[in-house]
Amino acid sequence: MPSNDPATRATIARIAAHARWRNAPDAVVQERRELDVRRVEDYIRRLVDAAPPLTPEQRDRLSTLLRPGGSLGGPR
């Protein structure tokens with residue numbers, strides 16, 4: 001599904017321009033990383049908007065997943 005978000009579309013355009021001109025491979029990596037973050041943010045936003053309100057405990061469990069090394073199951 002194409003994004004209607006102007007910032008996301010601009011990021012996609014920058015990636016395409018870098019690929020077209022075969023320049024700045026580090027910039028392409030950074031732009032792709034930014035695009036991934038934007039897509040995850042958009043997905044989470046749509047998911048949260050569609051879900052019923054969360055309890056404080058549920059918010060804490062979900063926020064644990066977003067922290068570095070976050071895991072609900074503990075170490076494996």
Side-chain angles (χ1 to χ4, degrees):
M1 173 170 112
S3 176
N4 290 327
D5 176 43
T8 300
R9 293 178 67 84
T11 302
I12 293 169
R14 284 192 301 274
I15 292 169
H18 287 307
R20 184 179 314 113
W21 299 106
R22 301 190 195 303
N23 62 356
D26 292 336
V28 173
V29 170
Q30 185 61 32
E31 293 289 353
R32 287 181 194 259
R33 194 173 290 141
E34 179 63 25
L35 180 60
D36 288 343
V37 169
R38 288 185 184 282
R39 287 180 171 161
V40 168
E41 285 175 342
D42 182 52
Y43 177 76
I44 291 171
R45 186 173 294 113
R46 286 184 286 120
L47 190 65
V48 169
D49 288 348
L54 299 173
T55 65
E57 293 81 18
Q58 291 169 327
R59 278 195 304 271
D60 289 343
R61 284 180 36 216
L62 292 175
S63 69
T64 299
L65 292 173
L66 297 174
R67 292 188 192 107
S71 172
L72 293 178
R76 292 185 182 197

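- Applying the side chain to side chain contact (heavy atoms under 4.5 Å, CB included) test to Ala7 and every residue at least two apart in sequence or in another chain returns Asp5, Arg38.
- Rounded to the nearest 0.5 angstrom, Thr11 OG1 and Arg39 CZ are separated by 9.5 Å.
- Rounded to the nearest 0.5 angstrom, Asp26 CG and His18 NE2 are separated by 10.5 Å.
- Separation of atoms CG (Asp42) and OG1 (Thr8) is listed at 7.0 Å; rounding is to 0.5 Å.
- The side chain to side chain contact (heavy atoms under 4.5 Å, CB included) search around Ser63 returns Arg67, not counting sequence neighbours.
- Applying the side chain to side chain contact (heavy atoms under 4.5 Å, CB included) test to Arg20 and every residue at least two apart in sequence or in another chain returns Ala16, Ala17.
- A donor atom on one side chain and an acceptor atom on the other are not found under 3.5 Å apart for Arg61 and Thr64.
- Counting side-chain heavy-atom gaps under 4.5 Å among Ile, Leu, Val, Met, Phe, Trp and Tyr, Val37 is found in no cluster with other residues.
- Annotation for Tyr43: hydrophobic cluster partners, listed by chain and number, are Leu47 (ILVMFWY side-chain heavy atoms under 4.5 Å, direct or chained).
- In this view, Gln58 and Thr55 satisfy the side-chain hydrogen bond (donor to acceptor under 3.5 Å, both in side chains) rule, not counting sequence neighbours.
- The distance from atom CD of Glu31 to atom CG of Asp36, rounded to the nearest 0.5 Å, is 11.5 Å.
- The CG atom of Leu62 sits 9.5 Å away from the CD1 atom of Ile44 when rounded to the nearest 0.5 Å.
- At least one donor-acceptor pair closer than 3.5 Å links the side chain of Arg59 to the backbone N or O of Leu54.
- Taking CD of Gln30 as the start and CZ of Arg14 as the end, the distance is 10.5 Å to the nearest 0.5 Å.
- No chain of hydrophobic side-chain contacts below 4.5 Å, direct or via other Ile, Leu, Val, Met, Phe, Trp or Tyr residues, connects Ile12 to Val29.
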